[in-house]
Number of protein chains: 2
Amino acid sequence: MGALDTALHGLRALIADGALRPGDRLPSEGELCERLGVSRGSLREAIRMLAALGVLETRHGSGSYVSELRAADLIGSLSLTVGLLPMAGVLELTELRRVLEPHAAALAAARIDEDTVASLDRVLDEIEATTDFEVQSRLDHEFHMAISQVAGNDALTSLIDVLRSRSRAYRISEPDDAAELKIHSDAGHRAILRGLAAADPVAASAAASAHVAYTEYWVRRYSGLDT
Amino acid sequence: MGALDTALHGLRALIADGALRPGDRLPSEGELCERLGVSRGSLREAIRMLAALGVLETRHGSGSYVSELRAADLIGSLSLTVGLLPMAGVLELTELRRVLEPHAAALAAARIDEDTVASLDRVLDEIEATTDFEVQSRLDHEFHMAISQVAGNDALTSLIDVLRSRSRAYRISEPDDAAELKIHSDAGHRAILRGLAAADPVAASAAASAHVAYTEYWVRRYSGLDT
DNA sequence: TAAAACATACTTGTCATACGAGTTTGTGGT
DNA sequence: ACCACAAACTCGTATGACAAGTATGTTTTA
């Protein structure tokens, strides 16, 4: 087994065995090198791998720390890479959204309170009022994230966030298309919010499903992958 | 911006811009160092991060290559870390399974063919016949992965695999509990397969949902987290 | 006494160099 | 045409050195 694997599995074992718990500071690189029997370069490569996966966090001059190991954070580590997926992969992810977002909407409908409904209503007012694409995109993200947060599962929220981040990166170039998209999108948002306000999981779920399906339609159309 | 970030974003940009496509070999480390203006150590740390996330693959003596960038592979990179989640996180993931596995079962019911049904039937025969926990675990995994593969979305299969890998790691210590678990588990598997064989998405989905719920019951019971 | 300023030790960040290990390639011989 | 082999190239690992940032304890100051 190479030095990098030794360091990687050694560090992972320290966490898995409970010798290092969430929030703990790792021993210094020098001490870890001695204990694991690898050079500092190999050790640092292993630390970087775990940091990329959301398990460790390194602070310059202070040390490396075990993260809180929340499921949402580990899932969030995918956000760096989903932006690299080719179009075919984006469609696979959109299919996951077609399952997860309706589920989140259904859960949210059962738990949402009046204040949150009012808050989301104001967000939709803003979206409908503006023509700035950047503002629309930001508020759209805010709307959907708020819903999945109400659903109460942080891992679900993080996963939906990661999946949505890719579709969000595209923008429609044709003015006519953009206008059509906005009309349908605004209507879809209102339908979702009606379901939430009525505490009707079935209605909210159906509206969310239709909303994702409509997104998928545009992704296919602009990627030239419709069959 | 530090040298590591320079290298990381530089490499990512090469892929995002299409200068490097899936399967391509990266320039040698020496050349990349010159081009990006960082030392070899910093460059290697960046390469390791992308490798941990499933974007790059390095072969000793040959070079580093861009992976196929399949959504399933990127999601699979989580498998190294989900094993580190504390129990509370496992329950969050189980809730995701309660959405995804029924969905996969429903899709599979609409697409499965007779040969696959027969194959799964034999797998269940084996599971029911053996008392070896390791064999049961392996066949159980085989059964569930086959179903999600039939569903036809590799990203979904990979995600379910990652989520299941954590629950799979536990084993029931009490003999009486293990026997009870096996009886219910075997019955659950049969119910799922009946739904698939009948090409009945609703039945398959409901059976899969019950199966995951039962798993969650045991996870809660053995983690002391039931409320 | 309390607070601010400072010096010191410690930790991570980066770089340079060297050599071992594995792969690829081209060459020469059969 | 095939095989054997050597050379060149690539990644893997180790070491040493210094810069940059942080934490801590001490000294100075109000």
Round to the nearest Å and state the distance from [X] atom [atom1] to [N] atom [atom2].
X	N	atom1	atom2	answer
B/I47	D/dC11	CD1	C1'	9 Å
B/R25	D/dC9	CZ	C1'	9 Å
B/E29	D/dC9	CD	C1'	12 Å
B/M1	D/dG21	CE	C1'	19 Å
A/E45	D/dC11	CD	P	12 Å
B/E34	C/dA16	CD	P	11 Å
A/L43	C/dT11	CG	P	13 Å
A/R44	C/dT14	CZ	P	7 Å

Determine to 10° how strongly the helix from C/dT1-D/dA30 to C/dT30-D/dA1 is bent, judged from the axes of its five-pair ends. 10°
More 5' along DNA chain D: A/S39 or B/S28, using each one's nearest nucleotide? B/S28
Using the closest heavy atom to pick a nucleotide of DNA chain D for each, name whichever of A/D5 or A/R40 lands nearer the 5' end. A/D5
Output yes when [X] and [Y] qualify as a salt bridge under the 4.0 Å nitrogen-oxygen rule, no when they do not.
X	Y	value
B/E134	B/R138	no
B/E92	A/R70	no
A/E126	A/R122	no
B/R220	B/E216	yes

Of the options C/dG13, D/dT13, C/dT14, whose atoms approach the side-chain atoms of B/L4 most closely? C/dT14
State which of C/dT12, D/dT10, C/dC15 makes the closest approach to the side chain of A/H60. C/dT12
Grab the two heavy atoms, one from B/G76 and one from B/S158, that are nearest each other, plus how far apart they are. N-OG, 3.4 Å
What's touching nucleotides 23-25 of chain D from the protein side, N or O pairs under 3.5 Å?
none

Classify the nucleic acid contact of B/G63 as base, sugar-phosphate or nothing, counting any heavy atom under 4.0 Å across all strands shown. sugar-phosphate
May I have the list of side-chain donor-acceptor pairs in residues 15-25 of chain A shorter than 3.5 Å, sequence neighbours left out?
| residue | atom | partner | partner atom | Å |
| --- | --- | --- | --- | --- |
| A/D24 | OD2 | A/R21 | N | 2.8 |

Between B/M87 and B/V219, is there a side-chain heavy-atom distance shorter than 4.5 Å? yes
Is there side-chain contact between B/L107 and B/H103, with heavy atoms separated by less than 4.5 Å? yes
Could you check whether B/H144 and B/D161, counting side-chain N and O atoms only, form a donor-acceptor pair closer than 3.5 Å? no
Indicate whether OP1 or OP2 belonging to C/dT11 is found under 4.0 Å from a side-chain N or O atom of A/S64. no
